[in-house]
Number of protein chains: 2
Amino acid sequence: MDERQALASFGALSQETRLQIVRMLVVAGPDGMAAGTIAEKLEVSPSNISFHLKELDRAGLVSQQREARSIIYTANFDALGGLVRFLMEDCCAGHPEVCAPAAKAAACCAPGAEKNQ
Amino acid sequence: MDERQALASFGALSQETRLQIVRMLVVAGPDGMAAGTIAEKLEVSPSNISFHLKELDRAGLVSQQREARSIIYTANFDALGGLVRFLMEDCCAGHPEVCAPAAKAAACCAPGAEKNQ
DNA sequence: TCAACATTTCAAGGATTATTGAAATATGGA
DNA sequence: TCCATATTTCAATAATCCTTGAAATGTTGA
């Protein structure tokens, strides 16, 4: 993840509908959701949801795949992980003691973690 | 961190100058940097850096404090940690297996970690 | 008090981004 | 083939955000 990608990702996540789409797709997991289903749940018009999905796609945060008449969108977990890492890498290098709490918060679902924080 | 705050944070980080400011302040650590120093390093005009610092402040990502003639800005590590956590909390609840790699990446400076990834 | 410094505020303009509805594309079934 | 479904594309408008330079604010030392 370079600065360019991070900027695109942050920009994509800075819009309410798009942030809700991403969170919904994260919860949906690898099965993803059809564009129409997303539009219905968020009560947004088809053309508007399409606009935002395209934006998320350009940022690399979602992937798409046609399945019969529907187009299924899934969250790109690698990209989200890369973004988290990007947010933290400078403080790793410079002041680990000061960002350790942030890292701990992020570790809530790391291998071995028992509880959500 | 609620959705409203997350949107403001992502919006704040989605602009090149502001992202660079935050990364610079993270590296600078608790000592922070004066507005003028930031402007100089990033080769941005005083009024422009002021505009972006205000935006970061509104999003809660930086704090400010006057010191003699200068105003010292510091990164708000709690807010950054909160943002990381916000990004991950849904996948903790739903699909931990799928976002574990992201959590692992974020753990690079957690207590006990030896190396930057 | 005055001058220099550090930063912010303000208004104007330019640039980017979001929303809308209508038309286009692609798919599957009768 | 024809129709209904699912989604995207397009053009126009509206809304938001960024940049600029000039003027204002607050601070320090002579």
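Below, chain A is the first sequence line, B the second, and so on; all start at residue 1.
Rounded to an integer number of Å, the gap from A/Asn48 CG to D/dA14 P is 17 Å. Atom CD1 in B/Ile38 sits roughly 9 Å away from atom P in C/dT8 (whole-Å rounding). Remark: P of C/dA6 and CD of B/Glu67 are 14 Å apart, rounded to the nearest angstrom. Distance, B/Lys54 NZ to D/dC17 P: 13 Å, rounded to whole Å. Here C/dA18 presents its P atom at 6 Å from NE2 of A/His52, a figure rounded to the nearest Å. Going from atom CG of A/Leu53 over to atom P of C/dT19 covers 13 Å, rounded to whole Å. Note: CZ (B/Phe10) to C1' (D/dT16) measures 20 Å, nearest angstrom. One atom, CG of A/Leu19, and another, P of C/dA18, lie 13 Å apart when rounded to the nearest Å.
Between the CG atom in B/Leu19 and the NE2 atom in B/His52 there is a gap of 12.0 Å [rounded to 0.5 Å]. Here CD1 of B/Ile49 is found 13.0 Å from NZ of B/Lys41. Values are rounded to the nearest 0.5 Å.
In this model, the phosphate group of C/dA6 is not approached by any side-chain N or O of B/Tyr73 to a distance below 4.0 Å at OP1 or OP2. Proximity of B/Arg18 to the phosphate of D/dC18: a side-chain N or O atom is located under 4.0 Å from OP1 or OP2. A close approach under 4.0 Å does occur between a side-chain nitrogen or oxygen of B/Gln15 and OP1 or OP2 of D/dT19. Between B/Arg66 and D/dT27 there is a side-chain polar atom (N or O) within less than 4.0 angstrom of OP1 or OP2.
For A/Ala35, counting side-chain heavy atoms from C-beta on, the closest listed nucleotide (D/dA4, D/dT7, D/dG29) is D/dT7. Counting only heavy atoms from C-beta on, A/Ile71 has its side chain closest to D/dT7 among C/dA4, C/dT8, D/dT7.
Contacts of A/Thr17 with the nucleic acid, taken as non-hydrogen atoms under 4.0 Å apart, are absent. B/Ala34 comes within 4.0 angstrom of sugar-phosphate atoms only, judged by non-hydrogen atoms across all strands, and of no base. Across all strands shown, B/Glu55 has no heavy atoms under 4.0 Å from either base or sugar-phosphate atoms. Among the protein residues, A/Ser50 comes within range of the nucleic acid bases, having at least one heavy atom under 4.0 Å from a base atom.
Across the interface with DNA chain D, nearest-nucleotide mapping of B/Arg58 and B/Ser45 shows B/Arg58 to be the residue nearer the 5′ end. Remark on DNA chain C: of its neighbouring residues B/Ser70 and A/Ser47, the 5'-side contact belongs to B/Ser70, judged by nearest-heavy-atom nucleotide.
With B/Met33 as the fixed residue, the side chain to side chain contact (heavy atoms under 4.5 Å, CB included) test singles out one of B/Thr74, B/Ile38, B/Ile21: B/Ile38. If you run side chain to side chain contact (heavy atoms under 4.5 Å, CB included) between A/Gln20 and each of A/Glu16, A/Met24, A/Arg23, only A/Glu16 comes through.
Closest heavy-atom contact between A/Leu83 and A/Leu13: CD2-CD1, 3.7 Å.
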